Every structure is written in C-alpha cells, then in structure tokens.
Number of protein chains: 2
Amino acid sequence: MPGQRSITEAEKLVEAKLGGTPIQHERMAVVANIYRAASAVRQHLENAVLRSSDLSWTAFVVLWVMWIWGESESRHVAEEAGISKGTLTGVVRTLESRGLVKRAEHPSDGRLLLLSLTDEGEQLMRRVFPAFNAEESFVTAGLDDEACRALANGLRQVVLQVEEHGEERRLALLDGAEPAPRRSGRRRRPRPDDQG
Amino acid sequence: MPGQRSITEAEKLVEAKLGGTPIQHERMAVVANIYRAASAVRQHLENAVLRSSDLSWTAFVVLWVMWIWGESESRHVAEEAGISKGTLTGVVRTLESRGLVKRAEHPSDGRLLLLSLTDEGEQLMRRVFPAFNAEESFVTAGLDDEACRALANGLRQVVLQVEEHGEERRLALLDGAEPAPRRSGRRRRPRPDDQG
DNA sequence: GCCCTATACTTTGGACTCGAACGATTTCGG
DNA sequence: CCGAAATCGTTCGAGTCCAAAGTATAGGGC
C-alpha cells in the first residue's frame, strides 16, 4: 500500500516545497489518515457486506437510522444520516421501490413526511446488521478495547471542534464575504432586475 | 449536533433491537466516528478553503499528489489520491481545461500518461496549501500534539488492517462465490454470436 | 378569505464516483 | 514474426451527492 507508506515521506517533500512556511505535520497526518481510514472502511464494508444485499453505503445508513429510531420525519432521517434532503428523496425512492421502506403522511402537518421500515426492511436489517458489525470488529481488530475508546474519543473531539466552532471560523476566514457558490450544482437563475 | 449526541443513545436502542445478539459497541463507535469525522473535516475544508479557489476535495487531492511527487504516471496519481482510474480521467480533464495540469506522453511506453502541474498549478498550490494546513490545524485544535500522534496511529492501524487482510477476509466471507457485481456500471455489449 | 412569510419535501442541474467494457500498446511465447 | 496475454488510459452506465429552484402546506395579520 504505497499510499500509506508514503505519508511520512510526503511530509519531507512538503517541507522541501515549503521550506519557509511552517507546516503542522501531526495535524496533516491526522486529517490524511481520517480520510484514508474512512475510505478503506467504507470500501471494505460495501464489498464484504452490503453489496451482496445490493445496498449502497448511504442506503444502509438510511435504513439503519429508521431501524434504530423507528418512524421518523424525513428531515430528521436526513440529518442523522448525514445527507441532504435532496439526496434522501432519491434514496428513499429506491428503497421504497424495493419494498424496504414506507412513507406516511403526518397526521396534522401536511408538509411532513414520515418514514419507516416495512416488515421486509426490518428483516433485512436483522440479517445484515450483525454481519455489518462483525466487519466493524474486523477493521478495528488491530486495536484493543482501550485503544478503540481512545480512538473514538479523539475522533469525537474533531467532530465537536468542527460542529461547535466551524461556522464561526468560516465566517472569520471569509470576513463576511459570501461563501462562494460551489461550481457544480444548479445555477442561480438570472433575475430580470439584476445588474446586467 | 443531534447526530453526534445520539451515538451512545443509539447504542442502547441497538441493544434493545438485538437483545440476543452480542454487539461490539466500541467497534461500532469507532467506525461511526471515523465516518462522521471524515465528513465534517471534508466539509469544513471545502467550505473554508477550497471553494474560494473553486476546487473540489478530489481535485485538491489530485493536485496535491502531483505537487508533492512531481511529474507522475497517471496510475500512480490515482492510487495515491485514492480514486479510480476512471474518476481520475474526468478530474484531470477538468483541471487541464483550467490550465492547472498538463499531460505528456511517456517517452518509451505509449500506454502511459504523465501528469504534472503547470506553473499556474504550482502557484495555486503554493497559495492554497498553507491555508489548507491551517484548517487542518483548526479541526484538530481540540487535541494536543501527543493526542494527534495517538489518533493518527490508531487510524493507521485501521488502514493497515484493511489493506493487509481485507482482501483475504472478503474471500473467506464470500467463500469463493463471485463478488456480486455492483448494480450500477457498464453493461456488456451484446455480441452477435451470443446465445439469444 | 387573502396575502405574506416560513417551512417541508421534490425536482433539477452539474460534478463526481466506481467498476466493467473497450481500444491502444507493449510484452511474452513460440 | 505473429498471436495471446497483460496493462494502460478512456468511455460508459447507473448511481450518489449537494444546493438552487420549484411546489405545497402552515400560520399570522387583517
């Protein structure tokens, strides 16, 4: 695995590239490894567990949220699953067509959509989740329980830092400027009263 | 941040769902937090640093690889960047159209493609990388240097486990069965002499 | 009842993603 | 010297993903 092995070597090359500028190597290594680990874990779980049930990672996460939390409003499902509402719409469409998920109207608010697993979806999760958890154990087999707790705590610190101070940090960096639209995605429609 | 806060609560609900089956909670928390941290970090870096230079995460990683390693064969760039060859083709097309990357033929092997940064690409990385590293420091600000090293090492263990034993594990799990083709992907073109 | 605003889900546009299939090229075996 | 096998980059199909735009519902003021 040349990628992994090259991290420390890469740091030396970065040093050479930016001799003057001080670089935080430990911090760089943490971020690089978080992303590498996430990719490796996701790929392993997709290949070893999910693909045989024809589930994508995202589809599984969505099912998991509904399984654990029971019938939920779709916005909560999206937030828990860490995807946008727009993405959730498509995922739910797929899962509904496969009979794993059902939709229901909210009794008092017609805007809300309630999502829940079908019986078939329940059965699927009862079957798939133990296999999924077994592979979670496999990918962390190089760590003992104590190291697992430490690792999970360290990662929690990172998540907390971003969630508690990230917004404020972005604002400070951009100094009040607009967040610069992303290149992809739907374009803002030109308004007739805009400056031409 | 309901997602983060709910992890331990979710574990209790999982317990209820699978009372009989033993679940490895620490392992589950590690995997969940790896993915959560990766998403949070990526999103912060995209919003705070990359978007203002109109770069996606993947585009930045590809530029970084070429910047650090210099002119490289495209297959190595894909592997270092952790993306497939097919994805790299598209990313390079975008970056080349923006004048950040140039292609060159390999002098002795006509199959190979050599990639390198243009001067403009070099300038971009000299400008963007320090800002990127500053945000790497920000997202890990909740950890001291020692904790950073520990975290990076723990993640390295996970990556190593998957890279060293993942393939073998997948084979054992599927027990010789075909790896189940992914649902999406290019279909075989019908041949005239196939059974019809 | 009507307007206005806020909120929720859906649709849409564009980039990104994997991995199979494909064409071009090199290397191997004879 | 020629065909087979291997390897490279590219194309293609199906799908994911975000965020802007669009549609529908809810609630307040009058």
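Predicted model, so just to flag it, every value in this text is computed and none were measured. In what follows, chains are A, B, ... by sequence order, proteins preceding strands, each numbered from 1. The analysis underlying the following values was restricted to heavy atoms, covering all of them including side chains, and did not include hydrogens, waters or symmetry mates.
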Can you establish whether the number of heavy atoms outside B:E105 located under 6.0 Å from its atom CD is more than 12?
no
Rounded to whole Å, please give me the gap between CH2 in A:W57 and P in C:dT17.
17 Å
Expressed in angstrom and rounded to an integer, what is the separation of A:R51 atom CZ from D:dT16 atom P?
13 Å
Length of the line joining B:I83:CD1 and C:dG19:C1', which is rounded to integer Å
14 Å
So, B:T87 versus B:S84: side-chain donor-acceptor pair below 3.5 Å or not?
yes
When hydrophobic residues are tied together by side-chain contacts of less than 4.5 Å, even through go-betweens, does A:V62 share a cluster with A:L114?
no
Any idea which of D:dC18, D:dG9, C:dT17 is nearest the A:S84 side chain?
D:dC18
Figure out the CD/P separation between B:E73 and C:dT26, and round it to whole Å.
14 Å
Within residues 104-112 of chain A, find the residues that approach DNA chain C with a heavy atom at under 4.0 Å, and present them sorted by residue number.
A:R111, A:L112
Please determine whether a side-chain nitrogen of the Lys or Arg among A:E26 and B:R149 lies less than 4.0 Å from a carboxylate oxygen of the Asp or Glu.
yes
NE2 of B:H44 versus P of D:dC18: gap in Å, rounded?
18 Å
Distance-only, no hydrogens or angles: does the A:T94 side chain make a donor-acceptor pair with backbone N or O of A:G90 under 3.5 Å?
yes
Value rounded to 0.5 Å, distance of CG in B:L95 from CZ in B:R103
10.5 Å
Please report, rounded to the nearest Å, how far the P atom of D:dA19 is from the CD atom of A:E79.
14 Å
Side-chain contact, heavy-atom cut-off 4.5 Å: A:L55 with A:L124?
yes
For atom CG of A:L55 and atom P of D:dA14, their distance in whole Å
19 Å
Mind calculating the distance between CD (A:E46) and C1' (D:dG15) to the nearest angstrom?
11 Å
Where do B:N33 and B:R36 land on the side-chain hydrogen bond (donor to acceptor under 3.5 Å, both in side chains) test, with the steps shown first?
CA-CA 5 Å; B:N33 281 348; B:R36 222 178 267 278; 4.6 Å; no
Ring-ring centroid check A:W64 A:F132, cutoff 6.0 Å:
no
Looking only at atom types and distance, does a side-chain atom of B:K102 sit under 3.5 Å from a main-chain N or O of B:L117, one as donor and one as acceptor?
yes
Centroid-centroid under 6.0 Å between A:F138 and A:H44 rings
yes
For nucleotides 10-15 of chain C, just jot down a letter per nucleotide in 5' to 3' order: B, S or -, based on protein non-hydrogen atoms under 4.0 Å.
BBBBBS
Close N/O contacts between protein and nucleotides 1-3 of chain D (under 3.5 Å):
none

